[in-house]
Amino acid sequence: MNEIHVDVLIIGAGPSGCVAASYLHNQGKQLKVVEKSTFPRFVIGESLLPRCMDHFDEVGLLDVLKDFGFEKKHGARFLSGDIVCDFDFSKKHTEGWDWTWQVPRADFDNVLATELVNRGVDITFNHEVLDVVFDEDGSSKTSIKDENGELYIVHAKHIIDSSGYGRVLPRILGLDKPSSIPEHSSIFAHVKDLKRPEGVEGTMITFDVLDKDTWFWVIPFSNGDTSIGFVGLTEYLDSFEGDTTERMQQLLKTSDYYYKRFEGLDFKFNPINIKNFSKSVTQLYGKGYALTGNSAEFLDPVFSSGVTFATESALKAAKLITNELNGETVDWEEEYTGYIMKGVRVFATYVKEWYTGNLQTLFFHRPENPDIKKQICAVLAGYVWDETNPFVKKHDRLVKNLAHVINMNKAEKANQ
């Protein structure tokens with residue numbers, strides 16, 4: 001049986017795995033990336049946040065992404081009836097990128113992986129991790145099946161699990177635990193956007209809020225396609241009858257703003273239904289491994305945090321592993337779990353308060369408060385580690401308390 005020896009084995013070649021691989025390759029480390037799929041392949045998570053631009057820039061992947069011509073995302077729009085809440089990333093509390101992209105992930109992920117292969121990074125596709133055995137010192141022996149069904153072994157000093165929804169190490173090591181995020185499901189598809197309006201309206205990412213628990217996303221791409229999808233309570237989405245195509249057609253009628261634009265258009269694939277998608281784990285690292293991206297924590301997609309957490313955690317893990325390989329001591333609990341979970345907790349608060357209705361109260365209250373809007377905008381841009389922002393530092397109290405004040409004032413006015 002063939003055996004390979006590397007410094008780092010990376011499981012998964014999505015944005016998380018590619019950012020980690022690019023950093024480690026730039027540091028001269030020996031690595032191997034194994035990917036279960038064959039690229040290009042479809043995956044959800046198509047709306048990025050400005051924060052992840054810092055990561056692509058730092059590891060040298062920004063220019064190849066710019067060259068592709070993905071649709072630029074300058075903010076995000078939320079609709080509730082006739083009220084529009086429009087966040088502009090150039091008007092945010094935290095310094096940082098003012099734009100990012102809306103991307104078909106099949107193209108986006110393929111651009112990243114192809115660039116790394118061209119640089120000499122060892123990435124193999126259609127290879128599946130079957131088992132991992134760790135020694136006491138953290139070194140590991142991973143059994144992998146290649147595209148021909150042949151087995152081989154990878155010996156590694158460290159493993160980065162960037163397997164996303166595959167959640168390889170959580171599954172093998174029994175690290176999964178229930179998420180604290182409410183149980184919601186999603187149904188989504190792509191369409192050729194034949195009725196797309198001209199100008200900004202046609203390119204703008206929008207969340208059409210249908211009720212407290214249900215919303216509709218519209219993510220236009222530069223190739224003329226648009227991603228559309230509904231998120232709601234599992235029981236609600238299951239109440240629509242028929243196959244996923246029939247259910248999606250019925251759901252489209254619930255969006256007064258968008259129904260005419262998408263009425264009668266064919267879906268480019270049968271709509272996909274994902275149930276109870278939020279995930280969590282008992283730990284983010286162990287002796288010899290780190291979990292990144294969706295293989296660690298996956299939150300509700302309402303604020304598009306998936307790729308940003310994937311690349312943030314990948315870059316952090318790659319840096320800490322590099323430090324260890326260079327003989328430095330790393331406090332993984334503080335420097336990795338402590339750091340990553342600060343950001344996760346902030347976004348988790350916003351997701352939970354979205355579904356309590358408190359955050360929606362802040363979004364759609366009129367008149368708007370410009371300072372509060374800038375602070376919330378920085379969170380939505382992914383800058384959730386900036387504790388100069390009150391809506392980061394006091395995330396667990398501020399949204400709830402401010403919504404309470406707004407609701408109290410409304411009640412007083414109603415009683416006058």
Side-chain angles (χ1 to χ4, degrees), residues 45 47-52 73 75-80 83 85-89 91-94 96 100 179-184 186 205-217 219 231-233 277-280 293-294 296-313 339-365 368-369 371-407:
S47 173
L48 310 185
L49 302 183
R51 171 60 182 162
C52 69
K73 172 185 172 183
R77 179 174 65 173
F78 294 80
L79 308 178
S80 179
I83 304 176
C85 182
D86 194 355
F87 288 97
D88 180 344
F89 290 145
K91 299 174 182 177
K92 63 183 184 303
H93 171 84
T94 306
T100 183
S179 172
S180 61
I181 302 295
E183 291 186 350
H184 287 77
S186 177
I205 179 172
T206 303
F207 302 90
D208 186 4
V209 182
L210 305 174
D211 60 47
K212 185 169 68 70
D213 284 296
T214 314
W215 51 276
F216 174 49
W217 80 65
I219 306 174
V231 173
L233 291 171
F277 36 68
S278 295
K279 304 290 185 183
S280 189
N294 294 350
E297 296 268 346
F298 180 65
L299 304 178
D300 185 281
V302 63
F303 299 124
S304 309
S305 63
V307 172
T308 296
F309 276 128
T311 54
E312 185 86 41
S313 55
Y339 175 80
I340 295 300
M341 289 308 297
K342 276 185 180 178
V344 169
R345 281 191 290 269
V346 173
F347 256 121
T349 288
Y350 279 72
V351 171
K352 291 173 185 174
E353 295 295 358
W354 175 263
Y355 289 112
T356 65
N358 286 332
L359 191 58
Q360 296 183 39
T361 295
L362 269 59
F363 277 24
F364 300 118
H365 175 64
E368 293 181 317
N369 182 308
D371 291 332
I372 289 175
K373 190 171 183 180
K374 286 180 180 179
Q375 292 164 11
I376 293 176
C377 187
V379 172
L380 302 187
Y383 291 95
V384 290
W385 288 270
D386 175 18
E387 293 198 345
T388 70
N389 184 350
F391 276 82
V392 170
K393 189 174 180 62
K394 303 175 182 177
H395 65 91
D396 54 341
R397 305 188 305 275
L398 202 51
V399 173
K400 185 185 304 181
N401 292 346
L402 190 53
H404 178 70
V405 170
I406 291 172
N407 289 329

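Since the model is a prediction, treat every value here as computed from it, not as a measurement. Quick note: numbers below take in every heavy atom, side chains included, and nothing from hydrogens, waters or symmetry partners.
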Those residues that, when tested against [X], pass side-chain hydrogen bond (donor to acceptor under 3.5 Å, both in side chains) (two or more places apart):
X    : result
H365 : none
D211 : T214
D88  : S90
Q360 : none

Would you say the side-chain atoms of H93 pair up with the backbone N or O of T388, donor to acceptor, closer than 3.5 Å?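 Yes, the answer is positive, given that a donor and an acceptor are paired below the 3.5 Å cut-off.
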Residues in salt bridge (Lys or Arg N to Asp or Glu O under 4.0 Å) with K373, at least two apart? E368
Anything under 3.5 Å between a donor and an acceptor, one on a side chain of residues 376-385, the other on a protein residue two or more places apart or in another chain? List them.
from, atom 1, to, atom 2, distance (Å)
Y383, OH, D54, OD2, 3.1
Y383, OH, W97, N, 2.9
W385, NE1, Y339, O, 2.7

If we only count heavy atoms from C-beta on, is the V302 to V231 side-chain gap below 4.5 Å? no
Reference residue L79; test side-chain contact (heavy atoms from CB on, under 4.5 Å); the match among V209, D86, T206: T206
Under the ring-ring contact (aromatic ring centres under 6.0 Å, His included) test, which residues partner F363, sequence neighbours left out?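 ring-ring contact (aromatic ring centres under 6.0 Å, His included) list for F363, sorted by chain: F78, F87, W354.
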Pairs satisfying salt bridge (charged side-chain N to carboxylate O under 4.0 Å, His left out), at least one member in residues 376-387, at least two apart: E387-K393
Using the side chain to side chain contact (heavy atoms under 4.5 Å, CB included) criterion, which residues pair with S313? Sequence neighbours excluded. T292, Y336, I340
With sequence neighbours excluded, tell me which residues meet side chain to side chain contact (heavy atoms under 4.5 Å, CB included) with S304. S47, L49, K73, F207
Side-chain donor-acceptor pairs under 3.5 Å in residues 396-404, sequence neighbours left out?
from, atom 1, to, atom 2, distance (Å)
N401, ND2, R397, O, 3.3

